[in-house]
Q: 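My structure is below; once you've seen it, I'll send some questions.
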Protein chains: 2
Amino acid sequence: MMAQIDNKTYERILAAADALFSQRGYAAVRLRDIAEAVGLQHASLYYYVPGGKEQLFVEVLERNFQRHREGLTQAIQNAGEDIRQQMLAVMGWFLSQPPMDLARLYYADMPQIDPAQAERLMRLALDAMSIPVCSAIEAANEAGQIAIANPFMAAMTLVNLAQGVKLIPASYLSKVERRAEISAEVVDMLLNGWRKR
Amino acid sequence: MMAQIDNKTYERILAAADALFSQRGYAAVRLRDIAEAVGLQHASLYYYVPGGKEQLFVEVLERNFQRHREGLTQAIQNAGEDIRQQMLAVMGWFLSQPPMDLARLYYADMPQIDPAQAERLMRLALDAMSIPVCSAIEAANEAGQIAIANPFMAAMTLVNLAQGVKLIPASYLSKVERRAEISAEVVDMLLNGWRKR
DNA sequence: GTCTATATTTCGATAGAC
DNA sequence: GTCTATCGAAATATAGAC
């Protein structure tokens, strides 16, 4: 029953699956990896997710995108009116989340699942990322803080760079650098541009 | 012998493998996909690549990175002295190449092959991308065209955004938009920044 | 060189005991 | 609910004919 699967173990399975799928993608994660992370035999996963790997993947992504949409909206709202603070909040949000590789998702993962599901999920993904950030950019535009001709492109640029910072391997970070500092550098570079002012 | 495998079929196998691996990643490509693209049975691939899938992947990446390093250097050089033209050349180069997802490469693909090979390949990848672009940025810095505090970060930002433009699904491009135009928009956004001038 | 046939391994999925 | 055992499909890899 629904009441039964709404328990701790189910949540831990989804969390482990989210972390693994987000990092390695659909094909490179085995059900055995997820089971091991939760401390179960892989066959036990079918008690919670009768649809198997694909259903697990879809449920993980749905939650993932919903969480991103709410989290981004909240982070931006908490950051106040200043677009720079809002951009830093966006970067910070993605740093706090499992990595998200939209390109891998679209080109590698989606072709392996049901096409109708794939299309729906990609729509959810794009909306989750673009709508909150786009709104913030348009508001800052109207407030005169920035002058962006193509808010959607700007939003996806920011999201793209946030993923980039998130995914810098730890071994490439010097001892003093932290992702939060790099995020701030990236934001200021985006705001001020490469040319002298 | 080496002379035998240096033929047309071998080149076609590498080209097909490059296109498929670049798009879908290591795990999501089957040897049968590559063989089919070349018009062979998958078992025939072992005549050219005795080491199988992993060897094929490694050889493809080595060539891939070498080509990128040379192609980027050449594209930048042909673009003249202006950093904007050089940036457009970088964007154009990546548009002309199979997609490259460094994050997927590092987190999804590399863990599936020999660790020593993986480390060597990631070094090649990072050098191929960063060194040519970084040099151009530093030169433009000294010429007073731009003012960049962290050339390496700026270089990887440009590379990251170039991949982003390359990977926009065709279905998300309106009829009038073309990737080259979006590339120019991105470059100008990077150069001028979001804030009013 | 390329094929067919087959071995081997891996992995998702199912059955059934407890 | 979780386990063990096993199935069946798929994918890599090998053997050997042509």
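The sequence lines fix the lettering, A, B, ..., with proteins before strands; numbering per chain opens at 1.
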Q: Could you list the residues that satisfy ring-ring contact (aromatic ring centres under 6.0 Å, His included) with A/Phe57, not counting sequence neighbours?
A: A/Phe21, A/Tyr26
Q: Taking only N and O in the side chain of A/Ser44, is any of them less than 4.0 Å away from OP1 or OP2 of D/dC3?
A: yes
Q: Without decimals, in angstroms, what is the distance between A/Leu45 CG and C/dA15 P?
A: 17 Å
Q: Rounding to a whole Å, what distance do you find between B/Gln112:CD and C/dT10:C1'?
A: 13 Å
Q: Can you find a pair of side-chain heavy atoms, one from B/Met110 and one from B/Ile113, that are under 4.5 Å apart?
A: yes
Q: Side chains of A/His42 and A/Lys53, heavy atoms from C-beta outward: is any pair under 4.5 Å?
A: no
Q: Which pairs would a plain distance check flag for residues 127-135 of chain B, meaning a side-chain donor or acceptor within less than 3.5 Å of a matching protein atom at least two apart in sequence or in another chain?
A:
| residue | atom | partner | partner atom | Å |
| --- | --- | --- | --- | --- |
| B/Ser130 | OG | B/Leu126 | O | 2.7 |
| B/Ser135 | OG | B/Ile131 | O | 2.8 |

Q: Would you say B/Arg63 and B/Asp18 make side-chain contact, with heavy atoms under 4.5 Å?
A: no
Q: Rounding to a whole Å, what distance do you find between A/Ile113:CD1 and C/dG12:P?
A: 15 Å
Q: So does A/Glu62 pair up with A/Arg120, basic N to acidic O under 4.0 Å?
A: yes
Q: Output one letter per nucleotide in nucleotides 11-18 of chain D: B when a protein non-hydrogen atom lies under 4.0 Å from the base, S when only the sugar-phosphate is that close, - when neither is.
A: BBBB----
Q: Whole-Å distance between D/dT4 C1' and A/Leu40 CG?
A: 14 Å
Q: Rounded to whole Å, how long is the line connecting atom CG of A/Asn7 with atom C1' of D/dT2?
A: 13 Å
Q: Please determine whether a side-chain nitrogen or oxygen atom of A/Tyr48 lies at a distance below 4.0 Å from atom OP1 or OP2 of D/dT2.
A: yes
Q: Please report the distance, rounded to the nearest Å, between CD in A/Glu36 and C1' in C/dT10.
A: 15 Å
Q: Quick one: is B/Tyr47 getting a side-chain N or O under 4.0 Å of the C/dT2 phosphate, OP1 or OP2?
A: no
